[in-house]
**Q** 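Sending over a structure as structure tokens; questions will come in a sec.
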Amino acid sequence: MERFREVRGTKDLRPGEIERWHYLEKIVRTVMDRYGYLEIRTPMFESTELFSRSIGSDTDIVQKEMYTFPDRKGRSLTLRPEGTASVARSYLQHNMGRGKAVTKLYYMGPMFRYERPQKGRFRQFHQFGTEAIGSPAAWYDTETISVFYEILDAAGLGPLTVRLGSVGDPGCRPAYTSLLKEYLRARSDELCGNCKERMEKNPLRVLDCKNRSCGGAIESAPSLLDHLCEPCTAHLGEVRSTLEKGGIPFELDRSLVRGLDYYSRTVFEIHHDELGAQSALGGGGRYDGLLEDLGGPPTPGVGFSAGMERIITVAESLEIEWDGGDEPMIYVAPVEETAAGDVFPLVRRLRRRWKTEGVREVRNLKTVLKRASRAGAGIVLLLGAGGALTVKRMDTGDETGVSVDHLEEEVEDLRKAIAARRSEERDS
RNA sequence: GUGGGUGUAGCUCAGCUGGUAGAGCCCCAGACUGUGGAUCUGGUGGUCGCGGGUUCGAUCCCCGUCACUCACCCCA
């Protein structure tokens, strides 16, 4: 019979790999906490309209990448393709901004997009991110970039490139878009086939083309940054100077484009040079019109989202050492059949304080030690006839008899000795 | 949705213009008659992705199909 396997674009995270995820999750939570962001967990599916309204019905995500399905009552639901829409919805639904200047939230969890999988891209993938809702101040744009940068830095990634740009606001962007369209039409014979097509539909995307043939036209194209209105220019200037003062390196990207429609003013991405085609570890920006579009009062906001698979991929290729739990394990085994029944109560007792494994079968000593060693034991406890206890240190091979009454003390001493020896080895 | 690459043991992979399969790792046992990680020896384990075709005979050649993978589009 044919066996089941993972659905295309999904992946089991098994022991051996999950430890990296735990480690990354821990870093995320620690840094988020220091920055004052509180966790929010929204449902993994929402009403389809929430996403089409917020992300933009002309985007690729909405047009062809959503997992949309009717429930049993015929309502159209969609597995969330990103996190911001859900958080914004929840913020409005629960009036979270009441009495607060700004609400700072973070999330972490799976997202779903129906795309052809490749390196760093899956149909179920995981993101973490923040949303700071309620303030138009550039301070929060900077803080958003800072918390993201800090997490990547704490995870040991680097060198990192922060790309910063601005997409203007509803006041200045339309004028620029038609200007750009005009320019591209005039030089359309220099553009690649793809760009000729998207020139009309989404001219900003052309600036993002990696095709060399388009390079000339793109380079001398008018930049949005030169056509921003006065308030947008001032806002960008403040983000830049604050980043500089804070010591966060960044590059001004004159052609930065993002895939969602709701952005206004600040947009940014953080890239790592060692990744392949999908070098963006994450990105974000300001979305001052989004909450109003969702039926709320005019409420500014800014946030980012980061791809956890991509971060882990980079960390693996850099061979970063992740802090694994290498607590020495205690392995309990009987060496006489009469002692076999004592294993379970002893293991229970030890497990109140330490990581412990036990076996009931009596095997010859060679086998016991081999299995203990392979299981990663730091200490082996051998149970003999008449309650005799032998404690063996696996790193040095030393062993001593010990009475049951003083077992915990002996184990504690051994653990200290083992830890001391380890740190000595590390230092030398 | 479009292209390229790859499907052989649990894992990583060999397999010569076609003669129905091998190595390393892992696991088990022994050498070491009660003291682990090393070494050596032996053993378990495979419908060669699936279906058709050519052939006396196909893991190898041809067609189809599925899966994985990389890239395009787009994005995290």
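On a predicted model such as this, the values are computed, not experimentally measured, just so you know. Residue numbers begin at 1 in each chain, while the letters A, B, ... track the order of the sequences.
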**Q** Taking NZ, NE, NH1 and NH2 as the nitrogens, is one of them in A:Arg360 or A:Glu337 under 4.0 Å from a carboxylate oxygen of the other?
**A** yes

**Q** Taking atom types as modelled, find out whether A:Ser86 and A:Glu46 have a side-chain donor-acceptor pair closer than 3.5 angstrom.
**A** yes

**Q** Which heavy atom of A:Pro81 sits nearest to which heavy atom of A:Met66, and what is that distance?
**A** CG-SD, 4.1 Å

**Q** What's the gap between B:G46 and B:A21 when it is taken at their C1' atoms, as a whole Å value?
**A** 9 Å

**Q** Does any donor-acceptor pair link the side chain of A:Lys370 with the base of B:U35 at a separation under 3.5 Å?
**A** no

**Q** What would the secondary structure line of RNA chain B be in dot-bracket form, counting Watson-Crick and G-U wobble pairs under 3.5 Å, with [ ] for pairs that cross earlier ones and | for pairs with another strand?
**A** (((((((..((((........)))).(((((.......))))).....(((((.......))))))))))))....

**Q** Given the ring of A:Tyr114, does A:Arg123 sit roughly above its face, with NZ or CZ under 6.0 Å from the centre of the six-membered ring and within 45° of the axis?
**A** yes

**Q** Between A:Arg8 and B:C68, is there a side-chain N or O to OP1/OP2 distance below 4.0 Å?
**A** yes

**Q** Check every strand shown and say whether A:Glu399 touches a base, only sugar-phosphate, or nothing at a heavy-atom separation below 4.0 Å.
**A** base

**Q** A:Arg123 side chain N/O closer than 4.0 Å to the phosphate oxygens (OP1, OP2) of B:C75?
**A** no

**Q** Is a side-chain donor or acceptor of A:Ser146 paired with a backbone partner of A:Thr142 at a separation under 3.5 angstrom?
**A** no

**Q** Name the nucleic acid region contacted by A:Arg113, choosing base, sugar-phosphate or nothing; use a 4.0 angstrom heavy-atom cut-off, strictly under.
**A** base

**Q** Classify the side chain of A:Arg310 versus the base of B:C75 as yes if they form a donor-acceptor pair under 3.5 Å and no if they do not.
**A** yes

**Q** May I ask you to say what A:Glu115 touches in the nucleic acid, namely base, sugar-phosphate or nothing, with a heavy-atom cut-off under 4.0 Å?
**A** base

**Q** Has A:Gln118 got a side-chain N or O lying under 4.0 Å from the OP1 or OP2 atom of B:A71?
**A** yes

**Q** Using atom C1' in both nucleotides, what's the gap between B:U55 and B:G19 to the nearest angstrom?
**A** 12 Å

**Q** Tell me whether the side-chain N/O atoms of A:Arg116 come closer than 4.0 Å to OP1 or OP2 in B:C75.
**A** no

**Q** Centre-to-centre under 6.0 Å for A:Tyr263 and A:Tyr287, is that the case here?
**A** no

**Q** Just how far, in rounded Å, is C1' of B:G37 from NZ of A:Lys366?
**A** 11 Å

